[in-house]
Amino acid sequence: MKIIVETPRLILRQFVPDDYYDVFDLNNDPEVMKYVSGKSFDSLAAAKNFMDHYGEYEKYGMGRWAVILKSTYEFTGYCGLKFQAELGVDGEVNLGYRFFKKFWGQKIATESSLASIDYGFEQLNLKQLGE
């Protein structure tokens with residue numbers, strides 16, 4: 001497990017194989033998905049396959065990161081930077097996140113987003129973020 005950054009309340013780390021359970025549940029919540037692009041997984045096996053082949057870290061040195069609440073070690077959702085090459089936007093990186101509803105309104109999205117942005121500019125030497 002590689003920790004990317006810590007904040008006072010959160011750990012942002014690379015996904016680990018067992019995260020597929022949480023990623024499956026998160027992406028199959030219709031309220032969460034109505035605010036984001038992408039689609040739900042058809043099965044736990046599809047989520048596991050996605051996680052087993054998630055190559056963003058090796059390919060681009062960044063990706064979406066699991067956001068863990070330090071006080072309980074709960075998987076709250078994910079946040080991070082994504083290289084947009086597959087969208088035909090050469091060189092553009094965006095910020096994205098998804099969180100379980102029970103964590104909405106606790107400023108976890110804000111805290112993890114700011115930590116991701118700081119990491120991008122300070123550690124990855126990004127010059128800008130896209131939309």
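- Using a 4.5 Å heavy-atom threshold, the side chains of V32 and N27 count as separate.
- Between L26 and F100, the shortest heavy-atom distance links the atoms CD1-N, 3.4 Å.
- A donor-acceptor contact under 3.5 angstrom links the side chains of T72 and E74, judged on distance only.
- Y119 and W65 have perpendicular rings, their planes meeting at more than 60° on a 0 to 90° scale where under 30° would count as parallel.
- F99 and L114 fall into different hydrophobic clusters, defined by Ile, Leu, Val, Met, Phe, Trp and Tyr side-chain heavy atoms under 4.5 Å apart, directly or through other members.
- Remark: R9 engages E111 in a salt bridge, criterion side-chain N to carboxylate O under 4.0 Å.
- Using a 4.5 Å cut-off on side-chain heavy atoms (C-beta onward), F15 and F75 make contact.
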Q | Audit row: E56, R64, side-chain contact (heavy atoms from CB on, under 4.5 Å) steps and yes/no | A | CA-CA 8 Å; E56 300 290 311; R64 303 296 194 230; over 6 Å; no
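- No more than 12 heavy-atom neighbours from other residues, nucleotides or ligands sit within 6.0 angstrom of OH on Y21.
- Taken to the nearest 0.5 Å, the CG atom of D42 stands 8.5 Å off from the CZ atom of F24.
- For the pair K70/I11, a side-chain contact is recorded, criterion being any heavy-atom separation below 4.5 Å from C-beta on.
- Rounded to the nearest 0.5 Å, atoms CG (L12) and OG1 (T7) are 7.0 Å apart.
- Counting heavy atoms from C-beta outward, L129 and I117 have side chains that approach closer than 4.5 Å.
- A109 approaches Y97 most closely through the heavy-atom pair CB-CE1, 3.8 Å.
- Using modelled atom types and a 3.5 Å distance limit, the side chains of R98 and Y78 yield a donor-acceptor pair.
- Under the 4.5 Å side-chain criterion, counting only non-hydrogen atoms from C-beta, D19 is in contact with R13.
- To the nearest 0.5 angstrom, I68 atom CD1 is 9.5 Å from L10 atom CG.
- A pairwise comparison of heavy atoms in I108 and T76 identifies CG2-OG1, 4.0 Å as the closest pair.
- Minimum heavy-atom separation, M51 to Y20: CG-CB, 3.5 Å.
- In terms of heavy atoms, L81 sits closest to M62 at O-CG, 3.7 Å.
- The CD1 atom of I4 lies 5.0 Å from the NZ atom of K2; values are rounded to the nearest 0.5 Å.
- Ring pair Y54/Y57 is perpendicular by interplanar angle, where above 60° counts as perpendicular and below 30° as parallel.
- For the atom pair CZ (F121) and CG (L126), the distance works out to 6.5 Å, reported to the nearest 0.5 Å.
- Closest of all the heavy-atom pairs between C79 and L95 is SG-CD1, 4.0 Å.
- Between F41 and F50, the distance from one ring center to the other falls under 6.0 angstrom.
- Under a hydrophobic-cluster definition in which Ile, Leu, Val, Met, Phe, Trp and Tyr are linked whenever side-chain heavy atoms come within less than 4.5 Å, directly or via other members, W104 and V23 are assigned to the same cluster.
- Residues V5 and S116 fail the side-chain proximity criterion, which asks for heavy atoms closer than 4.5 Å.
- Looking at heavy atoms from C-beta onward, N49 lies in side-chain contact with H53 at the 4.5 angstrom threshold.
- Between the OG atom in S112 and the NZ atom in K107 there is a gap of 13.0 Å [rounded to 0.5 Å].
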